[in-house]
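Take a look at the structure below.
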Amino acid sequence: MNRTLITSALPYANGYIHLGHCAGAYLPADMYARFLRLSGEDIIYVCGSDEHGVAINISAEKENSTPKDIIDKYHSANHSAFQKFGMSFDIYSRTSHDIHHDTAKEFFADLLAKGYLLEKEEEQFYDNKAGMFLPDRYVEGECPNCSYDKARGDQCDKCGAYYNQIELKNPKSIVSGDTPIVKKTTHWYMQFNKFQEFLENYIESHSKEWKDNVVQQSRSWLKQGLTERAITRDLSWGVKIDKIPGIDKDKAKGKVLYVWFDAVLGYISMTKELMNELATNGLAKKEDWKKWWQDENTRYIAFIGKDNIVFHTLIFPAMLHAKGGYLLPDNVPANEFLNLEGQKFSKSRNWSIDLKDFLKDFPESHYIDALRYALAMSFPETKDADFTWKDFQARNNNELAAIFGNFVNRAMQFMFKNFNGKVPTLSEAYKFLPGDWNNLIDYFESTEIKDYEELFASVTEKLKRNMNENDFLLICSLWKGVKESSSAFRKFRFRDAVTEIMNVARAANKYFNDEAPWKSINENPEQCAKSLFVCVQLVHSLSILFAPITPFASKRIQMLFDMPVLTGAVDYKNKEANNWNFAAYPTIEEATKVMQPSIIFNKVEDDVIKAQIEKLGSFEEESAKPKEEYISYEDVMKVKLRTAKVIHAEKVAKSKKLLKLQLDLGKEKRQIIAGVAEHYAPEELIGKTIVVVANLQPAKLRGEESQGMMLAASTDDGKLCFVTPEKQDFPAGAEVR
RNA sequence: GCCGGAGUAGCUCAGUUGGUUAGAGCAACGGAAUCAUAAUCCGUGUGUCGGGGGUUCAAAUCCCUCCUCCGGUACCA
């Protein structure tokens, strides 16, 4: 039996999952997992919350709670949303568990012992009052580059410059508000440069079968050359390293693993956790996690979004290789990004659909199936794709409900009304049909496919004794759908797989039309019985083929028959059967009792869609207004604003956003570099009177001196307009207050 | 600016290593049918394959150049 380990990128427990995430790393993985389970493969699908990192600390402080509260909140919210969405994780755990900490520490200890980690002493800010070092965003100060006074420790939000935090001017600890002191601290660096050649070979050995975007991005990183990267931080929240064997306890005190180092190891620790759980039920041994991570017969597939590529193609593989004995990903099928109604997902603009919100508005399982289907049909497999509500509606109404749902409904209703709720019994004239159907599929299976048409034409009359052209064509379509979808799934071409499956439902509708049982029920009841017998097989087969996409609907359909339900869900006791290929065979016996069917997919009305579209971009309740801090009158007076007339404006060479403005301030002339080139053409500005900050410390931008700052209003979504005096002919150089 | 990616039918997208009249689904139009949620089935495409140039017997596909869009990165005082 083939063995496949599947993981999806661990969602960060500091926010809610939205549809973009689902389309990127989760739904494809779930479909793949369900498909493989239905194909009789031995698989586990592992995922969970990533619960460490500075951002969680900061959120906790902002919300006046603890990191534990934050991760509990988001972990349980995301876990429950995923469950309702039909995700078939074998385990959805969290990196805050002890077993994870132990696993991460073991990796660290081993890499340390092997000499892959470098200890480096560096200067960092230390808050005496709080008694802690101040990593990244724990310190604010004036940007050394642009003098912005709320610049963070690692990067300035305003100008985007990166620098070493001790370069900040007037630094302040955001913990105590005190001015921090500079103190020496030790951090550990992983020497990724030592794996450059190994990783180049690794990437090139997969360059043919991996997606282009994945290979390209990995190559691009390798081309720049891998460098040493810090893998520890001074923080109280995370995997503590001070008790690791062989480490200097004093130096390691107060240090935790940098989140990117520990998060990817979550896949391993969660696998261990799963095996421990299964062991308590006698379904596995505790040591079995090694089978999944170290046995060469296991394939490892890591599903991610494109933002995670290098972590899974370079950094994690380097870690696994350094540790030794571990499998590297066989494939990293990264999706591109999903847009929403033509724009990027954005929480701050409320341009987003959180999974939990969808589930709240559309709690019925058929809507969840519809969402899965609509997303699957627009997976960003080769390029960024777009999700629109109208597309969701059309996919549901015109395809899922009209083609698949309608076939199931018309066939089952007809049978229920005309055959007393039982699968029709075949008459003497059709008694060979089930057997020949089986033989036909066996024949197809045993033949190499060059051309479907040719293959189908090669079937002799002997193999289809009781079949007419309709029966034969339908069986061919079914088998082709089973084959082609399977091959598409294995190539991670999910949209193609779903299309192939939908084509089977189309063929089934055509069969029903061509056989016209509503006519033959009177003219030729024996043929009518046969038609319905065939249709019932198709209903069951479709429920299996659709299971990776619409597991809830598949379950409802299969519940109509008195048979085991097969949706590719987690089931450790029934692993062997290859139900995927079995879907091509007739499996429902004559005279089987069937339950009364009901409509499977309801339509989505226009007003529902309209309401959802209107919700986008608007905030339901007034979000708590950010508290503006008051400043003193003196502070205001410190800023000298003056009117200025633009004499000349031109683009700064080789820059996208910068304009060089020559200004008349009455008594003097000045040059200002302004980042407005994307909003104003130079000639639009010439002659305008604007307002500038006159006493700003001069700075150099792109080699040009800038002596002030031009006032402009801007919105979160990037609109910008400059501020002008109400009377445009107002004298230049006038003070503004 | 640099590095990636993209630009194909009204819409959403396929087009594998260059090879016959460029495809699918949806929408639109015409027809058939009335078992079924007016749901189905059949038929219907004059697309400058972003523009221009080049290589080739042959280019959506390879090369050059320009334009537009999206990421990342470097300049948003």
Give the rounded distance in Å between these two atoms: [atom1] of [X] and [atom2] of [N].
X: A/Phe345; N: B/rC70; atom1: CZ; atom2: C1'; value: 16 Å
X: A/Met377; N: B/rC11; atom1: CE; atom2: P; value: 18 Å
X: A/Glu336; N: B/rG7; atom1: CD; atom2: C1'; value: 15 Å
X: A/Asn396; N: B/rC26; atom1: CG; atom2: P; value: 14 Å
X: A/Leu222; N: B/rG4; atom1: CG; atom2: C1'; value: 14 Å
X: A/Phe379; N: B/rA24; atom1: CZ; atom2: P; value: 24 Å
X: A/Phe392; N: B/rU12; atom1: CZ; atom2: C1'; value: 16 Å
X: A/Tyr373; N: B/rU12; atom1: OH; atom2: C1'; value: 12 Å

### Query
What distance do A/Lys483 atom NZ and A/Tyr452 atom OH have between them, rounded to the nearest 0.5 Å?
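Rounded to the nearest 0.5 Å, the NZ-OH separation comes out at 7.5 Å.
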### Message
Here's a test of your reading of the structure: between A/Asn339 and A/Phe601, which maps to the more 5' nucleotide of RNA chain B?
### Response
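Its nearest nucleotide lies further toward 5', so the answer is A/Phe601.
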### Query
Between A/Asn602 and A/Lys510, who's closer to the 5' end of RNA chain B by nearest nucleotide?
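Going by which nucleotide is closer to the 5' end, it is A/Asn602.
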Report each atom pair, protein N/O against N/O of nucleotides 32-36 of chain B, whose distance is under 3.5 angstrom.
unit_1: B/rC35; atom_1: O2; unit_2: A/Arg410; atom_2: NE; d: 3.3
unit_1: B/rC35; atom_1: N3; unit_2: A/Arg410; atom_2: NE; d: 3.4
unit_1: B/rC35; atom_1: N3; unit_2: A/Arg410; atom_2: NH2; d: 2.6
unit_1: B/rC35; atom_1: N4; unit_2: A/Arg410; atom_2: NH2; d: 2.9
unit_1: B/rA36; atom_1: OP1; unit_2: A/Lys417; atom_2: NZ; d: 3.2
unit_1: B/rA36; atom_1: O3'; unit_2: A/Asn409; atom_2: OD1; d: 3.3
unit_1: B/rA36; atom_1: O2'; unit_2: A/Asn406; atom_2: OD1; d: 3.1
unit_1: B/rA36; atom_1: O2'; unit_2: A/Asn409; atom_2: OD1; d: 3.1
unit_1: B/rA36; atom_1: N1; unit_2: A/Arg410; atom_2: NH2; d: 3.3
unit_1: B/rA36; atom_1: N3; unit_2: A/Asn406; atom_2: OD1; d: 3.4
unit_1: B/rA36; atom_1: N3; unit_2: A/Asn406; atom_2: ND2; d: 3.4
unit_1: B/rA36; atom_1: N3; unit_2: A/Arg410; atom_2: NE; d: 3.1

### Message
Side chains of A/Gln537 and A/His540 only: does a donor on one sit below 3.5 Å from an acceptor on the other?
### Response
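No.
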### Task
Check whether the side chains of A/Asn503 and A/Arg506 place a donor and an acceptor atom closer than 3.5 Å, and report yes or no.
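On atom types as modelled, these side chains qualify, holding a pair under 3.5 Å.
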Distance between [atom1] atoms of [N] and [M] (Å, rounded):
N: B/rA59; M: B/rU73; atom1: P; value: 41 Å
N: B/rC66; M: B/rC2; atom1: P; value: 10 Å
N: B/rA27; M: B/rU12; atom1: C1'; value: 11 Å
N: B/rG51; M: B/rU68; atom1: C1'; value: 11 Å
N: B/rA24; M: B/rG45; atom1: C1'; value: 13 Å
N: B/rG1; M: B/rG18; atom1: P; value: 32 Å
N: B/rC69; M: B/rU56; atom1: P; value: 35 Å
N: B/rG50; M: B/rC70; atom1: C1'; value: 15 Å

Under 4.0 Å between any heavy atoms, over every strand shown, what does [X] touch: base, sugar-phosphate, or nothing? Just pick one.
X: A/Asn398; value: sugar-phosphate
X: A/Arg219; value: nothing
X: A/Phe337; value: nothing
X: A/Asp307; value: nothing
X: A/Lys603; value: base
X: A/Glu399; value: sugar-phosphate

### Side chain of A/Asp384 - closest among B/rU37, B/rC70, B/rA27
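The nucleotide sitting nearest to the side chain is B/rC70.
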#### Entry: Of the listed nucleotides B/rG25, B/rU8, B/rC41, the one nearest the side chain of A/Lys383
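So the side chain of A/Lys383 is nearest to B/rU8.
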#### Entry: Geometric class of the A/Phe392/A/Phe387 ring pair [parallel <30°, tilted 30-60°, perpendicular >60°]
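Tilted.
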### Task
On the 0 to 90° scale, with breaks at 30° and 60°, tag the A/Phe303-A/Phe494 ring pair as parallel, tilted or perpendicular.
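It falls in the tilted class, 30° to 60°.
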### Query
Does a nitrogen or oxygen in the side chain of A/Arg493 sit under 4.0 Å from OP1 or OP2 of B/rG15?
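Checking B/rG15 against A/Arg493, a side-chain N or O does come within under 4.0 Å of OP1 or OP2.
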With a 4.0 Å cut-off, would you call [X] and [Y] a salt bridge?
X: A/Glu204; Y: A/Arg219; value: yes
X: A/Asp606; Y: A/Lys610; value: no
X: A/Lys211; Y: A/Glu381; value: no
X: A/Asp496; Y: A/Lys491; value: no
X: A/Lys306; Y: A/Glu336; value: yes

### Query
So does A/Glu453 have more than 12 non-hydrogen atoms from other groups sitting under 6.0 Å from CD?
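Open.
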## Note on the structure
Secondary structure of RNA chain B per the Watson-Crick/G-U criterion (both distances under 3.5 Å; [ ] crossing, | other strand, . unpaired) is (((((((..((((.....[...)))).(((((.......))))).....(((((..]....))))))))))))....
